Number of protein chains: 2
Amino acid sequence: MSLPRSNTKQRILDSAESLFAQQGLAATSLRAVIAAADVNSAAIHYHFGSKEALVEAVFERRIEPVNRERLARLQHLEASAGDSGVAMVELLEAFIHPLLKLGQELGDRGPVVVRLLGRLRSEEPDSLIALAQAHMREVHGRFSRAAAQSVEGLTQEEASERFEYVHAAVAWILTHLAHASEKPPEYVELQDRFQRMINFMEVGLQQPSRIRMENLRPNDNGAAR
Amino acid sequence: MSLPRSNTKQRILDSAESLFAQQGLAATSLRAVIAAADVNSAAIHYHFGSKEALVEAVFERRIEPVNRERLARLQHLEASAGDSGVAMVELLEAFIHPLLKLGQELGDRGPVVVRLLGRLRSEEPDSLIALAQAHMREVHGRFSRAAAQSVEGLTQEEASERFEYVHAAVAWILTHLAHASEKPPEYVELQDRFQRMINFMEVGLQQPSRIRMENLRPNDNGAAR
DNA sequence: CACCGATTCAAGCAACCGCTTGAATCATAC
DNA sequence: GTATGATTCAAGCGGTTGCTTGAATCGGTG
């Protein structure tokens, strides 16, 4: 009930976050985390229970506020949009901007966190895959549904597929950020890359679904747009 | 100089390939490979020398013919193309079709191999990253250069960036192929997914670079296209 | 002060890891 | 048949892994 006399849990989370971001999950041993955090060797299992639980805690701390803001922005967009749906650029920015904002707010830790989140897509352990799916399902579904609504003749399934590619590109940018440049607070470069990526993805997302339109909809009186 | 009396090396490669594709590299121990291949425990180090060398051999066996065909197709396209460069769809198909062809030729092993190649992008060990870069540098450079040439006002740097996203999408499709459907030779579905992905990426790739055009080229007399 | 739950500590367990060793076994050449 | 080089075999090496243990130490409470 009282304050812990030391910030052991916090230090473990921070150290694990850095090491996971740099080396990946499998390559990071709990002993390395313990050494980096300068805590006792049993502290991780006392505070978290297992390596898997630590991994979940590390990712959960960062992805939760990002996804919350994503959904809030989307809701705001949908509320102020007309019947034609949300503009695609705004949709993409609502998806990406919370990441940039988090990175900037965290200062020095920004690049580390941003790179960590990039790993949420590529890392292997089944537990993390399940975690990623649990955290992204709602966001992915809401965003791809909004994309399908804003494009005439785009099925929800294909919008979902395309948003997977957007997500893959985002993860690629995030994980290969610190790879190229070593200076941490270089967010101008990151922002430019995301801007170019949005320009690239936008036009593709606005294409109607091809196969379904031509083959399965002979009686379509689409007149809008 | 003579034929080996047993196909130990082959069996090791096949078993390692399957396990790497299913579980990833870090999660696959040499002992698991040994057990799956049913060979002696020292066979891997006798035939390959180390786990790292085995990983390289496993990936090299598959990626080399794919990239060779990619380059051959690209060369053929460039030879028969006019001054306006290669059509973007053909470029994308030249990049992707060798993968599909390999998967079909290998029959039952196709999905395994195809999933393995998807891991070439996401797996962690530095040695594999270096291997992937070594194998992909020429292909990536040649294809993104061809893309830049076929689009008016597209810089080579931005074409390279965009092709990274294409590559990320390809890897995503490959690694999540067997994830969804369990029936191995379901290539119609894979082919459809790639077709939709090409339709999606094509229009984005054909966009000119924005920032450079507007800010840095006041004396540009672009009249072509 | 005595007490108690929460936290820290030093030490170590069993299991697994990649890799090595030295002898046995094989196919071939002479 | 015997020598030779390539391959297979059973066993085990040192090191690392995630995790556990039982006692020591702390802060707050009666």
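Remember, predicted model here, so these are calculated numbers, not experimental data. Here is the naming used below: chain letters follow the sequence lines, and residue numbers restart at 1 for every chain. Because only heavy atoms are used, hydrogens play no part in the values below, and waters and symmetry mates are left out as well, while side chains stay in.
Heavy-atom distances to DNA chain D give each of Leu25(A) and Ala43(B) a nearest nucleotide, and the one nearer the 5′ end belongs to Ala43(B). Both His45(A) and Ser41(B) lie near DNA chain D, and the one whose nearest nucleotide falls closer to the 5' end is Ser41(B).
Closest to the side chain of Ala42(B), out of dT21(D), dC19(D), dA10(D), is dA10(D). Of the candidates dA6(D), dC17(C), dT21(D), the closest approach to any side-chain atom of Tyr46(B) belongs to dA6(D). Ranking dT8(C), dT7(D), dC19(C) by closeness to the His47(B) side chain, first place goes to dT7(D). Candidate nucleotides dT8(C), dT8(D), dC17(C) were compared by shortest atom distance to the side chain of Asn40(B), and dT8(D) ranks first.
Look at CZ on Phe48(B): it is 14 Å from C1' on dT7(D), rounded to the nearest Å. Remark: P of dC26(D) and CG of Asn7(A) are 18 Å apart, rounded to the nearest angstrom. Rounded to an integer number of Å, the gap from Lys51(B) NZ to dC19(C) P is 8 Å. Atoms CG (Leu30(B)) and C1' (dT16(D)) sit 15 Å apart, rounded to a whole Å. The distance from atom CG of Asp38(A) to atom P of dA10(C) is 11 Å, rounded to the nearest whole Å. Atom CZ in Arg31(A) sits roughly 13 Å away from atom C1' in dA10(C) (whole-Å rounding). Atom C1' of nucleotide dT16(D) and atom CD of Gln23(A) are separated by 14 Å, given to the nearest angstrom. At whole-Å resolution of the value, CD1 in Ile44(B) and C1' in dC19(C) are 11 Å apart.
Contact annotation: Ser29(B) side-chain N/O to dC16(C) OP1/OP2 distance is not under 4.0 Å. When the side-chain nitrogen and oxygen atoms of Thr8(B) are compared with OP1 and OP2 of dT8(D), one or more of them lie within a distance under 4.0 Å.
Seen from the ring of Phe95(B), Arg70(B) counts as a face-on cation partner, given the 6.0 Å and 45° thresholds. For the pair Arg121(B) and Trp172(B), the cation-pi test (distance below 6.0 Å, angle within 45°) is failed.
Contact detail for Ser18(B) and Val112(B): the closest heavy-atom pair is CA-CG1, 3.7 Å.
Between Glu93(A) and Arg73(A) there is no salt bridge, since no side-chain nitrogen of the basic residue lies less than 4.0 Å from a carboxylate oxygen of the acidic one. Classification of Asp14(A) and Lys9(A) as a salt-bridged pair fails, no side-chain N sitting under 4.0 Å from a carboxylate O.
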